[in-house]
Participant: 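Let me give you the structure first, and then I'll get to my questions.
Order of the sequence lines fixes the chain letters, A, B, ..., with proteins taken first and strands second; residue numbering starts at 1 for each chain.
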Protein chains: 2
Amino acid sequence: MNLEAIKPIFETNLLAEIEKKGTIREVKKGDVLVDLGEQIKFIPLIIKGSVKVVREDENGDGLLLYFVDYGNTCAMTLNCCMKNTKSEIRAVCEIDTTLIMIPSNLMDLWLSQYKTWRVFILSNFQNRLNELLKAIDSVTFMKLDERLERYLNEKVLSQKNNILKITHLEIATDLNSSRVVISRLLKKMEKNGSLLLGRNTIQMNS
Amino acid sequence: MNLEAIKPIFETNLLAEIEKKGTIREVKKGDVLVDLGEQIKFIPLIIKGSVKVVREDENGDGLLLYFVDYGNTCAMTLNCCMKNTKSEIRAVCEIDTTLIMIPSNLMDLWLSQYKTWRVFILSNFQNRLNELLKAIDSVTFMKLDERLERYLNEKVLSQKNNILKITHLEIATDLNSSRVVISRLLKKMEKNGSLLLGRNTIQMNS
DNA sequence: TTGTCCCTGTAACAAATGTTACCCTAATTG
DNA sequence: CAATTAGGGTAACATTTGTTACAGGGACAA
């Protein structure tokens, strides 16, 4: 098990524990890691890749909440582990991703034993709360064109590639908008010179 | 110090610690408990009353996130305690409120020592995350009239009184809308029979 | 090759929300 | 008391976003 990526985060004893109790899982782009209403029995710790976390309402409308990168876990998932409630969100792989699955019953034990685990869990909660605040800011205070711009920039960061393989419909779904509206705005941005449109691709100029 | 309200939550040893290390604070309706950008050195634990938590952007536009009731704390504040970052939110008293202020440096120590503290902190994070999700749902998926209805209902719950002393402007501010729009919708709801409007008051019929 | 499906562009229109302006009245202040 | 201010009602209009409809071209399978 290659734990290089998380070595700086945890104390040595805990790393050994993780190696012993955790299991590696590899998931492909597009795979659904966690789905709505699912019971979660493992804490997913991302070693490599990127996962997007999405909220959905009863009509099937959706909204992208945030991306989770390596060295992190999804606090929304931690919830479920603690209380054995069902997942309120869906997690989908953005790119091929590797994670360690840690049995959720170790959560509390490790909290009492390992300082670095406490820091890890609590700062993950902090990060997720902040991400949710950013999502709220977007939806509440920004107009759609600004949200779209932010979305594209985050996508570039999360994929480490400024040529995005994505359709207008997918964007519309992530932003809870409609395809026509997104096409309209993208066209305006292209005329603006901030990007270049192609079939299934958007090349960002920044 | 009257700790009756929180007695069921914590183990006896911890209660004694809280009594020893915490200090009582009484705040009046409208008082700002935590303000944007503030450093927080105490974990506020609500014993009696209700506090509303608000997000604001750089233009002064705002949005009500959620209410915090007794037996709870504000996880957004926990963040700040942990990392000594500045507050991302403002907390304002809805009604006269009593709280215990716990020095934030005890946070980590108690996490390692007391199971009930771990449960308390983690379930508070869980609650806050869920409240934020609800806020996101409102803003993203609901139309303004539905949001207004939900807002009024929550207000009634949080104040335990179905006659609300509030102006249309205050509502507009909490919902990040404008006074004219709120008045328009309230009037429609009055014609609907779901409430009764008066100067500075709204009487809910439900 | 032909047919089908998916992606994109565009126009015309509809709905939701925000803005401005003005009025009336209750409450408060001097 | 008069004067001022705050809360609320309403109309007209602007802006943003969503919806419907349709057309053209690329990708792909039969």
Side-chain angles (χ1 to χ4, degrees), chain A residues 30 56-57 59-64 135-152 155 163-204, chain B residues 30 56-57 59-64 135-152 155 163-204:
Chain A
E56 204 164 284
D57 79 347
N59 306 321
D61 294 328
L63 179 77
L64 169 71
I136 287 175
D137 286 348
S138 277
V139 180
T140 312
F141 303 122
M142 289 161 66
K143 301 229 177 286
L144 195 53
D145 51 354
E146 300 174 287
R147 290 176 58 205
L148 176 55
E149 219 179 306
R150 206 192 125 202
Y151 172 86
L152 294 173
K155 203 89 176 172
I163 299 178
L164 302 173
K165 299 280 170 212
I166 194 169
T167 71
H168 300 184
L169 180 59
E170 290 177 89
I171 300 177
T173 305
D174 278 346
L175 295 178
N176 188 42
S177 176
S178 82
R179 200 273 307 168
V180 181
V181 175
I182 298 299
S183 294
R184 191 194 284 159
L185 291 174
L186 284 173
K187 207 65 200 171
K188 208 197 306 181
M189 293 173 76
E190 188 180 40
K191 280 174 186 154
N192 248 3
S194 44
L195 49 74
L196 204 78
L197 296 175
R199 192 186 172 85
N200 289 311
T201 65
I202 298 176
Q203 178 177 343
M204 301 295 295
Chain B
E56 205 164 282
D57 79 348
N59 306 320
D61 294 329
L63 179 77
L64 169 71
I136 287 175
D137 286 348
S138 276
V139 180
T140 311
F141 303 122
M142 288 162 67
K143 301 233 177 282
L144 195 52
D145 52 354
E146 300 175 288
R147 289 176 59 205
L148 175 56
E149 220 178 305
R150 206 192 125 202
Y151 172 86
L152 294 172
K155 202 90 177 171
I163 299 178
L164 302 174
K165 300 281 171 211
I166 194 168
T167 71
H168 300 185
L169 180 59
E170 291 177 88
I171 300 177
T173 305
D174 279 346
L175 295 178
N176 187 44
S177 176
S178 81
R179 200 272 305 168
V180 181
V181 175
I182 297 299
S183 293
R184 191 195 284 159
L185 291 174
L186 284 173
K187 207 65 199 170
K188 209 197 305 183
M189 292 172 76
E190 189 180 39
K191 281 175 184 152
N192 248 3
S194 45
L195 48 76
L196 205 77
L197 296 176
R199 192 186 171 86
N200 289 310
T201 64
I202 299 175
Q203 178 179 341
M204 300 295 296

Participant: Could you name each residue pair satisfying salt bridge (Lys or Arg N to Asp or Glu O under 4.0 Å) that touches residues 178-188 of chain A, not counting sequence neighbours?
Facilitator: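 Residue pairs passing salt bridge (Lys or Arg N to Asp or Glu O under 4.0 Å), neighbours aside: Lys187(A)-Glu190(A).
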
Participant: Sequence neighbours left out, what passes side chain to side chain donor-acceptor pair (under 3.5 Å) with Asn176(B)? Give chain and number order.
Facilitator: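 With sequence neighbours excluded, Asn176(B) shows a side chain to side chain donor-acceptor pair (under 3.5 Å) to no residue whatsoever.
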
Participant: For Asp137(A), what residues pass the side-chain contact (heavy atoms from CB on, under 4.5 Å) criterion, not counting sequence neighbours?
Facilitator: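 Asp137(A): side-chain contact (heavy atoms from CB on, under 4.5 Å) contacts with Phe141(A), Arg55(B).
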
Participant: Under the rule for side chain to side chain donor-acceptor pair (under 3.5 Å), what residues qualify as partners of Glu146(A), not counting sequence neighbours?
Facilitator: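 Checked Glu146(A) against side chain to side chain donor-acceptor pair (under 3.5 Å); zero matches.
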
Participant: Can you name the closest pair of heavy atoms from Ser178(B) and Ala172(B) and give their distance?
Facilitator: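 Looking at all heavy atoms of both residues, the shortest contact is C-CB, 3.6 Å.
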
Participant: State the CG-OG1 distance between Asp61(A) and Thr173(A), to the nearest 0.5 angstrom.
Facilitator: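 Between atom CG of Asp61(A) and atom OG1 of Thr173(A) there are 9.5 Å.
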
Participant: Contact class for Thr167(A) (heavy atom, under 4.0 Å): base, sugar-phosphate, or nothing?
Facilitator: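 Result for Thr167(A) = sugar-phosphate.
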
Participant: At what distance, to the nearest 0.5 angstrom, does NE2 of His168(A) lie from CG of Leu148(A)?
Facilitator: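 CG of Leu148(A) is found 9.5 Å from NE2 of His168(A).
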
Participant: Side chains of Leu152(B) and Leu186(B): does their closest heavy-atom pair fall under 4.5 Å?
Facilitator: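 Result yes, sub-4.5 Å side-chain heavy-atom pair found.
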
Participant: Considering only heavy atoms, which members of residues 185-193 of chain A lie under 4.0 Å from some atom of DNA chain D?
Facilitator: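 Contacts with DNA chain D under 4.0 Å: none.
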
Participant: In degrees rounded to 10°, what angle is found between the helical axes fit to the five outermost pairs at each end of the helix from dT1(C)-dA30(D) to dG30(C)-dC1(D)?
Facilitator: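 Computed from the C1' atoms at both ends, the axes differ by 30°.
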
Participant: Could you write out each protein N or O paired with an N or O of nucleotides 23-29 of chain D at a distance under 3.5 Å?
Facilitator:
{"unit_1": "dG25(D)", "atom_1": "N2", "unit_2": "Arg199(A)", "atom_2": "NH1", "d": "3.4"}

Participant: Apply salt bridge (charged side-chain N to carboxylate O under 4.0 Å, His left out) to Glu149(B) and list each qualifying residue two or more places apart in sequence or on a separate chain.
Facilitator: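 Salt bridge (charged side-chain N to carboxylate O under 4.0 Å, His left out) check on Glu149(B) returns nothing, list empty.
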
Participant: Rounding to an integer number of Å, can you tell me how far Ile202(B) CD1 sits from dG8(D) C1'?
Facilitator: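 Whole-Å distance recorded here is 11 Å.
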
Participant: I'd like the 5' and 3' limits of the part of DNA chain C contacted by chain B, with heavy-atom contacts below 4.0 Å.
Facilitator: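 So the outermost contacting nucleotides come out as dA16(C) to dA27(C).
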
Participant: With Ser138(A), which residues qualify under side chain to side chain donor-acceptor pair (under 3.5 Å), at least two apart?
Facilitator: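 So Ser138(A) forms a side chain to side chain donor-acceptor pair (under 3.5 Å) with Arg150(A).
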
Participant: Using distance only, find each side-chain donor-acceptor pair of residues 193-200 of chain A under 3.5 Å and give its atom names and separation, not counting sequence neighbours.
Facilitator:
{"unit_1": "Ser194(A)", "atom_1": "OG", "unit_2": "Met189(A)", "atom_2": "O", "d": "3.1"}

Participant: To the nearest 0.5 Å, how far apart are CG in Asp174(A) and CD1 in Ile171(A)?
Facilitator: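 Answer rounded to 0.5 Å: 8.0 Å.
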
Participant: List in numerical order all residues of residues 138-148 of chain A for which some heavy atom is under 4.0 Å away from an atom belonging to DNA chain D.
Facilitator: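 Residues of residues 138-148 of chain A under 4.0 Å from DNA chain D: Lys143(A), Leu144(A).
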
Participant: Decide yes or no for Ile182(B) and Tyr151(B): does some side-chain heavy atom of the first lie under 4.5 Å from some side-chain heavy atom of the second?
Facilitator: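 A side-chain contact is absent here, since even the closest heavy-atom pair is not under 4.5 Å.
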
Participant: Nearest whole Å is fine: how far is dG18(D) C1' from Ile182(A) CD1?
Facilitator: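 The distance from CD1 of Ile182(A) to C1' of dG18(D) comes to 11 Å, rounded to the nearest Å.
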
Participant: Select from Ile166(B) and Arg184(B) the residue whose nearest nucleotide in DNA chain D is closer to the 5' end of that strand.
Facilitator: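 With Ile166(B) and Arg184(B) compared, the 5'-side residue is Ile166(B).
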
